[in-house]
Protein chains: 2
Amino acid sequence: MIKLRDLEYLTAIDQHKHFGKAAQACFVSQPTLSGQLMKLEQQLGLQLVERHRRNVMLTPAGEQLVKEARKVLQAAGEFESCAKALLDPFAGDLHLGLIPTLAPYLLPHIMADLNTTLPNINFFLHENQTKVLLQQLDEGKLDVLILPYLAEMEKFESYQLFDEPLMLATPKNHPLATKKSLSLADLHGEKILTLADGHCLKDQAMGYCFAAGAKEDNSFQATSLETLRHMVASGMGITLLPALAAQGNLASDTLHYGKFQAPVPIRGISLVIRPNYSRMQCVRAIVASVRKSLSDIID
Amino acid sequence: MIKLRDLEYLTAIDQHKHFGKAAQACFVSQPTLSGQLMKLEQQLGLQLVERHRRNVMLTPAGEQLVKEARKVLQAAGEFESCAKALLDPFAGDLHLGLIPTLAPYLLPHIMADLNTTLPNINFFLHENQTKVLLQQLDEGKLDVLILPYLAEMEKFESYQLFDEPLMLATPKNHPLATKKSLSLADLHGEKILTLADGHCLKDQAMGYCFAAGAKEDNSFQATSLETLRHMVASGMGITLLPALAAQGNLASDTLHYGKFQAPVPIRGISLVIRPNYSRMQCVRAIVASVRKSLSDIID
DNA sequence: TTAATTGATAGGCTCTAACTATGATTAAGT
DNA sequence: ACTTAATCATAGTTAGAGCCTATCAATTAA
């Protein structure tokens with residue numbers, strides 16, 4: 001196969017029309033360049049330079065091939081400069097996956113800091129259910145997930161970001177809305193509105209509820225937290241809402257968010273990546289940034 | 001420096017997403033490809049592939065560099081195919097230099113054959129005086145000259161093509177026009193019309209004339225053989241004309257071309273190239289073709 | 001638990017690109 | 001004409017790179 005070095009020798013000869021100077025420009029000895037060029041000619045089966053004592057001159061074939069050689073070398077140069085540009089670990093595109101019960105409520109709190117600490121990263125945001133996200137992460141379509149950690153993610157690498165408490169969302173006039181000290185046990189016998197199957201929040205919330213002796217209200221399954229919130233506000237039932245989803249809406253006229261006493265139901269939000277993911281420095285920066293952003297919000 | 005082989009390994013990994021298969025496609029062992037790729041990553045200072053047991057996957061940097069690598073490899077491929085196309089020694093452009101006193105009279109006799117025997121050669125014809133032609137040949141602007149051989153061309157390589165007799169051009173009514181047996185000695189005392197300085201024909205012709213005791217007519221210096229011919233036809237004098245220039249005009253009403261007895265004045269037309277000129281096969285074909293074309297014309 | 005797959009590692013071989021030293025040929029200067 | 005300088009080719013040597021086989025380690029599938 002052709003070697004890039006040989007092409008450099010050829011173009012150097014074209015530039016200097018002199019073996020010694022061309023060799024010097026390539027930082028090799030004259031015999032080296034001479035020999036390699038001869039070998040190249042032999043390999044191609046055609047003469048590239050006419051050798052005279054006074055004068056070195058390219059053959060027509062040589063002239064033409066020098067042009068081709070320059071193109072090759074230019075492409076190689078672009079490859080290298082491209083690699084150099086990629087060397088900055090804090091630059092480039094990054095595809096971030098989040099679940100629907102987290103994205104709209106978390107992102108406003110973290111994106112500003114992320115864009116400040118990683119100004120050269122272009123974040124692409126993907127909202128999907130856990131199962132889909134894990135699949136896409138595995139396929140490489142996504143780089144980083146932020147979602148509640150589950151046991152099934154053990155094959156990936158994960159970083160705990162923060163614990164998000166679950167709060168009790170009730171209509172304002174609901175008996176539990178006025179209770180001073182709220183605990184999970186108070187849910188005993190209640191019917192809980194839930195999200196549609198597939199949302200991990202449903203499984204987690206219902207896990208707590210079942211343990212407390214509450215039951216799922218099967219008459220509805222909301223497809224989003226906003227729907228769920230409006231159902232609660234309409235007096236159709238109660239539900240557990242993640243704290244971040246509740247936060248901005250505490251001042252609602254019709255809704256009440258109740259904070260549980262210990263043991264507080266939580267979901268542990270983690271950042272998940274593939275093991276051996278190449279941009280660990282970037283990941284560490286994201287983890288630090290998100291933790292810092294959240295430390296001000298979650299008490 | 002980047003090596004093309006490494007780029008092939010990289011693109012192979014991208015294609016197959018599998019070290020073993022990629023190695024097979026590159027006709028190397030798996031450890032070889034593995035090692036070279038690692039070396040490439042080390043060299044660039046960035047990770048190109050994520051290695052998993054089940055799955056090999058390119059990093060974003062890898063994806064981007066694969067694109068660059070493909071460009072480089074494509075350019076290299078073009079270089080090689082270009083070289084292959086140039087391999088035919090009987091193809092390409094060829095710049096042929098001739099002197100003005102030869103070109104218009106010789107070319108019609110030789111170009112047809114040349115184009116037949118070397119159909120893939122594009123002949124570019126350059127008409128200039130000897131000194132200029134030699135300079136351009138030396139500079140590589142011309143590939144081949146066809147002109148009268150002179151001693152100053154000994155530093156070049158030359159092939160004798162044919163001897164062109166010089167004929168005596170006189171008006172029809174000139175005393176020498178009717179002489180049965182014409183020899184150089186008959187020029188004694190004549191005044192000879194000549195071409196302008198710089199035309200080698202002038203020097204050669206006048207060489208013969210001086211030796212015979214003739215003199216140059218300094219009142220005119222023609223810039224072309226056609227002018228010279230018309231001057232003779234107008235009765236302004238006599239001159240020596242190369243046989244090829246005379247040939248097509250024997251039937252002129254006003255001109256007479258006299259053939260000399262031995263020793264016939266001649267100019268020896270040679271093909272001249274740079275020593276070490278790269279396309280010797282082509283040159284040999286040209287020499288053979290021209291000799292064959294001329295053998296029918298010069299007796 | 002066993003067998004198969006897959007990528008990394010270790011050790012050794014070979015080829016080659018590089019060097020230095022020298023030769024051959026030509027151009028230029030004395 | 002002889003000498004010197006310039007220039008490219010040749011010879012012989014060395015260091016390193018690329019490749020191979022054999023093997024290991026980790027995972028998956030049966």
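Chain naming here is simple, since letters A, B, ... match the order of the sequence lines and numbering starts at 1 in each. All of these numbers come straight from a predicted model, not from anything done at the bench.
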Worksheet item: Looking at the side chain of A:Val28, which of C:dC19, C:dA17, D:dC8 is the nearest nucleotide?
Response: C:dC19

Fill in: N or O in side chain of A:Thr32 less than 4.0 angstrom from C:dA17 OP1/OP2
no

Practice prompt. Please answer whether the main-chain N or O of A:Gly20 pairs with a side-chain N or O of A:His18 as donor and acceptor at a distance below 3.5 Å.
Written response: yes

Discussion item. Quiz question: by atom type and distance under 3.5 Å, do the side chains of B:Thr59 and A:Arg279 form a donor-acceptor pair?
Written reply: no

Worksheet entry | Length of the CZ-C1' vector between A:Phe27 and C:dA17, whole Å | 17 Å

Worksheet item: Looking only at side-chain N and O atoms, does A:His18 come under 4.0 Å of OP1 or OP2 in D:dA6?
Response: no

Practice prompt. Examine C:dG7: is either OP1 or OP2 under 4.0 Å from a nitrogen or oxygen in the side chain of B:Gln30? Give yes or no.
Written response: no

Worksheet item: Just how far, in rounded Å, is P of D:dC19 from CD of B:Gln24?
Response: 16 Å

Fill in: Partner set under side-chain contact (heavy atoms from CB on, under 4.5 Å) for A:Met206, not counting sequence neighbours
A:Ile192, A:Thr194, A:Lys202, A:Cys209, A:Phe210, A:Glu216

Response to the item:
Side-chain contact check for A:Lys39: nearest option of C:dT6, C:dA17, C:dT20 is C:dA17

Item to complete: Among D:dC19, C:dA8, D:dA9, find the nucleotide with the atom closest to the side chain of A:Ser34.
Response: D:dA9

Practice prompt. Check the distance between D:dA17's P and B:Ile2's CD1 and give it to me in whole angstrom.
Written response: 14 Å

Fill in: Selected nucleotide, minimal atom distance to A:Ser29 side chain, candidates C:dT20, D:dC8, C:dT6
C:dT20

Item to complete: State whether A:Glu157 and A:Arg274 are salt-bridged, where the test is any N-O pair (Lys NZ or Arg NE/NH1/NH2 against Asp/Glu carboxylate O) under 4.0 Å.
Response: no

Worksheet item: According to a strict under-4.0 Å criterion, is A:Arg51 in side-chain N/O contact with OP1 or OP2 of D:dT7?
Response: no

Worksheet item: If each of A:Asp6 and B:Lys17 is mapped to the nucleotide of DNA chain C with the nearest heavy atom, which maps nearer the 5' terminus, i.e. the 5' end?
Response: B:Lys17

Discussion item. For a quick check under 3.5 Å, do B:Glu68 and B:Gln64 share a side-chain donor-acceptor pair by atom type?
Written reply: no

Practice prompt. For B:Lys21 and C:dT5, give me the distance from atom NZ to atom C1', rounded to whole Å.
Written response: 10 Å

Item to complete: Between B:Lys155 and A:Tyr9, just flag the one whose closest nucleotide in DNA chain C comes earlier from the 5' side.
Response: A:Tyr9

Discussion item. Does B:Gln30 have more than 12 heavy atoms from other residues, nucleotides or ligands lying within 6.0 Å of its CD?
Written reply: yes

Fill in: Atom-pair distance (NE2 on A:His16; P on D:dA6), nearest Å
18 Å

Response to the item:
note: B:Phe19, atom CZ; D:dC19, atom C1'; distance rounded to Å ~ 17 Å

Item to complete: May I ask you to decide if the ring planes of A:His126 and A:His95 are parallel, tilted or perpendicular, using 30° and 60° as cut-offs?
Response: tilted

Discussion item. For a quick check, with a 4.0 angstrom heavy-atom cut-off, what is the B/S/- contact string for nucleotides 11-16 of chain D, read 5' to 3'?
Written reply: ------

Item to complete: Measure the distance from CE on B:Met57 to P on C:dT6 and round it to the nearest whole Å.
Response: 16 Å

Worksheet item: Distance-only, no hydrogens or angles: does the A:Tyr208 side chain make a donor-acceptor pair with backbone N or O of A:Ile266 under 3.5 Å?
Response: yes

Worksheet item: Does B:Arg5 make a side-chain N or O approach to OP1 or OP2 of D:dC19 shorter than 4.0 Å?
Response: yes

Worksheet entry | Distance, rounded to the nearest Å, where A:Met1 contributes CE and D:dA17 contributes C1' | 15 Å

